[in-house]
Amino acid sequence: MTRMRAVDAVVLILEKEGATETFGLPGAAINPLYSAMRAHGGIRHTLARHVEGASHMADGYTRSAPGNIGVCLGTSGPAGTDMITGLYAAAADSQPILCITGQAPVAVLDKEDFQAVDIASIAKPVTKMAKTVLEAGQVPGVFQTAFQLMRSARPGPVLIDLPIDVQQTEIDFDIDTYEPLAPAKPAATAAQAEKILDLIAEAEHPIIIAGGGIINADAADRLVEFAELTSIPVSPTLMGWGAIPDDHPLAAGMVGIQTHVRYGNASFLESDLVIGIGNRWANRHTGNLEVYRKGRKFVHIDIEPTQIGRVFAPDFGVASDAGAALDALLAAARSRSGGLPDFTGWAGECTARKATEHRKTNFTEVPIKPQRVYQEMNQAFGKDVTYVSTIGLSQIAGAQMLHVYRPRHWINAGQAGPLGWTGPAALGVAKGKPGETVVALSGDYDFQFMIEELAVGAQHKIPYVHVVVNNSYLGLIRQSQRGFEMDYEVSLAFENINTAGSASSGYGVDHVAVAQGLGCKALRVEDPELIGEGLRVAKELMDEHQVPVVVEVILERVTNISMGTALDQINEFETLAQTPADAPSALIPMGELAAAK
C-alpha cells in the first residue's frame, strides 16, 4: 500500500471517478486539498469570485453533458454556507454536484473556532449526503459512497466536509484497486410495460409528458424511437425540453401555465391518456389540477418512488429510471401481438395546431417589446445553440418563443430558480461544451446578481453570449403584484449620473460599462431592427476574444407575459399572430399546413 495524505487520495479518487472539473476558491482550511491538486496536475480548476457562483458553475458543468459531475471547492465557514443555494438548485433539479469544504481541526469543532460551522447539518436537507469526516482513514470510503449516491436513483448533490488535520493525515491507499461503486437504479418490469400498453390501447388521444428524468438518463433517442413506433405526440416539460426536437412531427409543444406554447396547451386539453416519464407534475406545468386532470387517465413513471402520488395519485405508477422504462416499453411494443391503435390522425391534429396557435413576435415598437428579442434569437442562433436561463419573465417568455432541438441544449434552474444562477451556470456549461455556442438569457435583475462572475470568463477565457433583456424592473414580481393592485419596490430604475443623456438614461445600472470593466465585451441595442445585427456582432466578438459578450437590449418598461392559473385560463396581454409575418420564426408558418392541403 502507498502512504499518502488523505487529500492526495481524494485527488486520485476524483480522477478515477471522472470528476476532474472543479470550481472554487482556495482558503486556509482547504489549502491542503489545493496543494494535492497542484501536485497531481490533472484536476482542472476555475477560480470563481464567489463560492455561490462556483457552486452554480459546477451545476452548469454537470448539466452540460451526460455523466458529468461538477465539483465545487471552498474553505471552512462562510464558503460552505455560500454553497447552500447551489446545493438547493442542484437537488431540486436532480443534478449531481460534489461540494468539498475545508473545516477547522477536529479538536476544536465544538469550541466555536474561527470559521468553524456545522456545515454538514446545514447542508443535510438539500443533499443526498452531507458529512464531516473525522477520521482520515474513512476518507476514501466516504468519497466512494458519495459518488455512488450522486449517481443512484434520483441523482443529487453531496457535501463532504474535511477538517484541515484530517486532510493532512497520512493513510495507506491504493488507487489501482479502488473501483467506483455501481449506482442503484430501479427498472420497469415487462409486466408494467404491458400494463401501460394496455392503457394506451384503450386510449384515443394519448400524449407523453417528457420530463427531465429522460435527459438525466440520456434516453432522448429512446423516447423519440418509442414515440415514432407508436405515433404518440410528445410534450416536454421545461426540464425535459430538447428530449424531442421542437420541429419533430410528433413534438406537441410545451404545456404549462407560464412556460408553454399555445398549441401545446390546446393539444393537451384534447388528450385522454397522459404518460408522464421522468417528470414531477410541477405546479407551473399543471396549474389548476382539476382542469389538468379532468377527463384523463394518468401513467406516472419516475425514478424516485416517493414522487409517485406526491402531487396526485396516477391511474398507474411505476418507479423506474426513464431509460430503463423506455427500454421495457420499446420491447413490449415491438413484441405486442395485434399491435396498438393507429394514432397518426391524432398526431396530425397536434401538428396542425402548430401552424395556427401563434403569439405575435414581430413587433416594431421602440422601446423594444421582449417578444421581438426571442424572434431574433431564433433566427440568429439556429439549431446548435445551448441556452442557459433561470427564473423571471425573460425565462418564461423565452420558453414560450425560443426553439430547442437537442437534449441538454436548454439548461435551466427549474424548481429553485435562484436569481444570479444564469451567469455562473453558463460559465460551467461553456466549460463542458468547449467550442459550442452557449447563450445565456437574463433579465436585468438576474444579471445583476453575481455579475462579478463575468470576470471569471474573462480571466479563464470562457466564451459565451449573455443576452440581457433590460426593463429595469423585477418584471415577474411586478406582474404578480397586479393582483394586489400595486407596483411596489420592484423598480430598478434611477437616474445614473454617469449615463445622463443616453438612450438608456433612467434605466439605472449601466450593464455595458460594468461588463467592460470586468474584462468582457458588451454592446447595447435600442432599435428592434438592430437586434439581429447585435447578436451577429456578439458572436464575432466572442469568437475573436474568447470572453463573455453581453448584449443588453433596452425594453419597454412594462410588458405582461402570457400566463394564468389553469391551462384553459391563460391571459394573453398582447395581440396574437394573425399572419405568417406576425411570427416569422415560428416552427410552422401560420396557415402553411392548411395551404398544403
Side-chain angles (χ1 to χ4, degrees), residues 17-18 62-63 65-69 91 93-96 128-129 144-158 179-201 206-230 232 234 236-237 239-240 242-244 273-281 297-311 313-337 340 407-408:
E17 294 280 2
T62 289
R63 299 179 196 231
N68 280 3
I69 293 181
D93 289 342
S94 308
Q95 300 301 320
K128 295 189 75 174
M129 181 181 86
Q144 191 177 37
T145 301
F147 278 102
Q148 183 188 40
L149 282 173
M150 284 188 283
R151 295 172 174 138
S152 291
R154 181 182 180 180
V158 162
E179 289 298 328
L181 296 174
K185 296 182 180 180
T189 65
Q192 289 171 327
E194 290 291 348
K195 175 64 176 178
I196 294 169
L197 292 187
D198 289 343
L199 290 167
I200 291 173
I207 192 168
I208 296 169
I209 300 297
I214 291 173
I215 305 293
N216 285 350
D218 196 24
D221 56 342
R222 285 168 279 175
L223 167 73
V224 173
E225 186 179 355
F226 180 69
E228 291 175 344
L229 183 64
T230 59
I232 298 176
V234 177
T237 67
M239 297 305 299
I244 187 169
L273 173 67
V274 181
I275 306 160
I277 307 177
N279 67 308
R280 295 187 301 105
W281 311 118
K297 290 184 177 180
F298 287 85
V299 172
H300 191 195
I301 302 168
D302 195 82
I303 198 168
E304 173 54 53
T306 63
Q307 289 291 343
I308 309 297
R310 173 169 284 187
V311 178
D315 295 272
F316 187 62
V318 178
S320 175
D321 169 77
L326 285 163
D327 287 338
L329 287 168
L330 281 165
R334 291 191 189 104
S335 62
R336 193 173 182 86
S337 60
L340 291 167
R408 299 183 189 273

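Computed from heavy atoms alone, side chains included, the values below leave out hydrogens, waters and symmetry copies.
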Just verifying a value: how many Å separate E179 CD and Q144 CD, rounded to the nearest 0.5 Å? 9.0 Å
All side chain to side chain donor-acceptor pair (under 3.5 Å) counterparts of S94, not counting sequence neighbours: R154
Any side-chain heavy atom of P314 sitting closer than 4.5 Å to one from I308? yes
Mind checking what makes ring pair (Phe, Tyr, Trp, His ring centres under 6.0 Å) contact with F298, not counting sequence neighbours? W281, Y292, F312
Supply the atom-to-atom distance R334 CZ to L329 CG, rounded to the nearest 0.5 angstrom. 10.5 Å
For residues 323-333, which residue pairs qualify under salt bridge (Lys or Arg N to Asp or Glu O under 4.0 Å), counting only residues two or more places apart or in two chains? R222-D327
Step-by-step side chain to side chain contact (heavy atoms under 4.5 Å, CB included) determination, N279 to H300: CA-CA 8 Å; N279 67 308; H300 191 195; 3.5 Å; yes
What residues form a side chain to side chain donor-acceptor pair (under 3.5 Å) with Q148, not counting sequence neighbours? none
Check whether any side-chain heavy atom of M239 lies under 4.5 Å from a side-chain heavy atom of N216, and answer yes or no. no
Does S152 use its side chain to pair, donor to acceptor, with the backbone of P183 at less than 3.5 Å? no
Return the CZ to CD1 distance between F316 and I275, rounded to the nearest 0.5 Å. 11.5 Å
Any side-chain heavy atom of F226 within less than 4.5 Å of one from I208? yes
Minimal non-hydrogen separation, T62 against R408, with atom names: O-NH1, 3.9 Å
All heavy atoms of P96 vs all of P155, minimum pair found to be CD-CB, 3.9 Å
Atom pair NZ (K185) and OG (S320), whose distance is rounded to the nearest 0.5 Å: 10.5 Å
Counting C-beta onward and ignoring hydrogens, is there a side-chain heavy-atom pair between R63 and D93 closer than 4.5 Å? yes
Just do the side chain to side chain contact (heavy atoms under 4.5 Å, CB included) check on E17 and I69 with the steps written out, would you? CA-CA 9 Å; E17 294 280 2; I69 293 181; over 6 Å; no
Going by side chain to side chain donor-acceptor pair (under 3.5 Å), name the residues that satisfy it together with D302, two or more places apart in sequence or in a different chain. none
Knowing that exactly one of I232, V274, L340, L199 qualifies, which makes a side chain to side chain contact (heavy atoms under 4.5 Å, CB included) with P206? I232
Heavy-atom closest contact (A333 atom, L229 atom, distance): CB-CD2, 3.6 Å
Got I200 and T230 here, is their nearest side-chain heavy-atom distance under 4.5 Å? no
Contact check, side chains of I207 and L273, non-hydrogen atoms, under 4.5 Å: no
Taking only residues two or more places apart in sequence, or in another chain, which ones meet P186 in a side chain to side chain contact (heavy atoms under 4.5 Å, CB included)? I303
Which pair of non-hydrogen atoms, one from R336 and one from A201, has the smallest distance, and what is that distance? NH2-CB, 4.5 Å
Would you say that K128 contacts M150 through its side chain, given a criterion of any heavy-atom pair below 4.5 Å between the two side chains? no
Tell me the closest heavy-atom pair linking P407 and I215, and the distance in Å. CB-CD1, 3.7 Å
Is the closest side-chain heavy-atom distance between E225 and L330 below 4.5 Å? yes
Determine, for E304 against R280, whether the closest basic-nitrogen to carboxylate-oxygen distance falls under 4.0 angstrom. no
What closest approach, in Å, do L326 and A219 show between heavy atoms, and which atom pair accounts for it? CD1-O, 3.8 Å
